[in-house]
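We count ligands from 1, going down the list as the structure has it; atoms in each ligand are counted the same way. As the structure is a prediction and not an experimental result, all values here were calculated from the model.
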Amino acid sequence: MQNISFIIDGRICTTEKGTNLIEAAKQNGIYIPTLCHFKNSHELGSCRVCTIKLNGRAIAGCTIKIDEGMEIEVNTPELLDTRKAILEMMFVEGNHFCPSCEKSGDCQMQNLAYETGIRYTRFPHLFIERNIDAGAERIIVNQNRCIKCKRCFEEIRTNDGYKVFSFLNKGSKTVVSVDYEQEAKLSEFEAEYAMNICPTGAILVKGKSISKPFGNRLFDQGIEGKKIPFNKTNINKTNSLKKRVATTSLAGCFGCHMSMLDIDLGLLDIIEVVEFNKSPLTDIKKFTQRCDIGIIEGGCSNTHDFEVLRTFRENCDILVSVGECAIWGGLPALRNTIPLEECLKEAYLNSLTSEDNETIIPNHEDIPKILNKVYSNHEIVKIDYHIPGCPPNSNHIWSVIKNILFEEEYEIAYPEFKYD
Ligand code: FES
């Protein structure tokens, strides 16, 4: 086969004519992220995570076969941001609760989010109500996690050639459904294969979860030696040595505050350089001075959270959301998929601990009003930094805070950056 030349980001590359671009780029040492693409023979082109520019036009890279003289852009700032935005859209469109997902650590979408540096999403989460279809003999389809990549459509067929998976509905209501009759014809191996080729945790097999121990999963190690530089913006340097810090916990579990305390004796070093103002750590209830930095744990679930958050924005130069609940709502946001009235009835009238014949849902003017959904903090006020994790490691939290306040050099090692 004839070798031809083409250009990626101004660099001359060579490959055989007709090679798939993802493969050709790899041969020349260039990585293009992909998600739906898993075989060069299958050009699904459904996720667009591999978006590149060919002769100036944006296109899914996995659908391109290399020809002589092609000029391709891969890693321009615009394309890096486009690919990140596409992934963020997938996260907000589905209900991806990584800490409670069986595929966590083995999930390609989760790993790609780490790789592309997603720490929060610029779009609001939609929290669309979706089903978990457990009606088939062995396969469970969790529609909350499906990204409609079509891998399962293409790859999973019965011996007599019938497809097992297909789309149901149209537009934003599209979901993957499983044909129970055909699914029953799959062997154990084929059912597990369906689970393994799913790039998220949407396809599972009953009784066969991804059961590798933590630390030994597909993406636990990351790229060896990889460090993610922590980019500082909006640093408000002041001359005084001690910086003032405020902290609060909104709709969260206080786990992030526990993690902050987990630094143990390191706290003595911290208080050499910072002093705490309003915070559960000091029990100071109201701001007594303007603060350099405010650390927010938890998201906004009721009117009180909303007011506290606005007070923090008014009284702090820099605001940092710490932990998953602050960043996108976290576990409290599970209620976003259920109508508020149903949640209240479940909590106050129908729960195991409710009195028999209970009819009252508490509603007094002194009780903060619950919001229609749990909001991430950056939907309410401007947040300057996000520290993901559930909870983030204590050293990591304080290293980031010190980096912001004092510009101490800090790079995040991959395992430290990776939370699930
Ligand atoms: Fe190319 Fe999904 S990897 S469109």
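Within 6.0 Å of CZ in R310 there are 12 or fewer heavy atoms belonging to other residues, nucleotides or ligands.
The ring pair (Phe, Tyr, Trp, His ring centres under 6.0 Å) analysis of residues 314-340, with sequence neighbours excluded, yields the pairs F97-W328, H125-W328. Listed by first and then second residue, the ring pair (Phe, Tyr, Trp, His ring centres under 6.0 Å) pairs that reach into residues 245-272 are F254-H257, sequence neighbours excluded.
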Side-chain atoms of residues 144-153: list all donor-acceptor pairs with protein atoms under 3.5 Å, sequence neighbours left out, distances to 0.1 Å.
from, atom 1, to, atom 2, distance (Å)
N144, OD1, N95, ND2, 2.8
N144, ND2, N142, OD1, 2.9
R145, NH1, E102, OE1, 2.8
R145, NH1, G201, O, 3.0
R145, NH2, E102, OE1, 3.0
K148, NZ, T174, O, 3.4
R151, NE, L35, O, 3.3
R151, NE, C36, O, 3.2
R151, NH1, I197, O, 2.7
R151, NH2, L35, O, 2.6
R151, NH2, Q108, OE1, 2.9

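Classification of the H386-H378 ring pair by plane angle, with boundaries at 30° and 60°, yields perpendicular.
The cationic group of K373 lies under 6.0 Å from the six-membered ring centre of Y375 and within 45° of the ring axis, placing it in a cation-pi geometry.
Listed by chain and number, C36 SG, C47 SG are the protein N/O/S atoms closer than 2.8 Å to atom 2 (Fe) of ligand 1, with waters left out.
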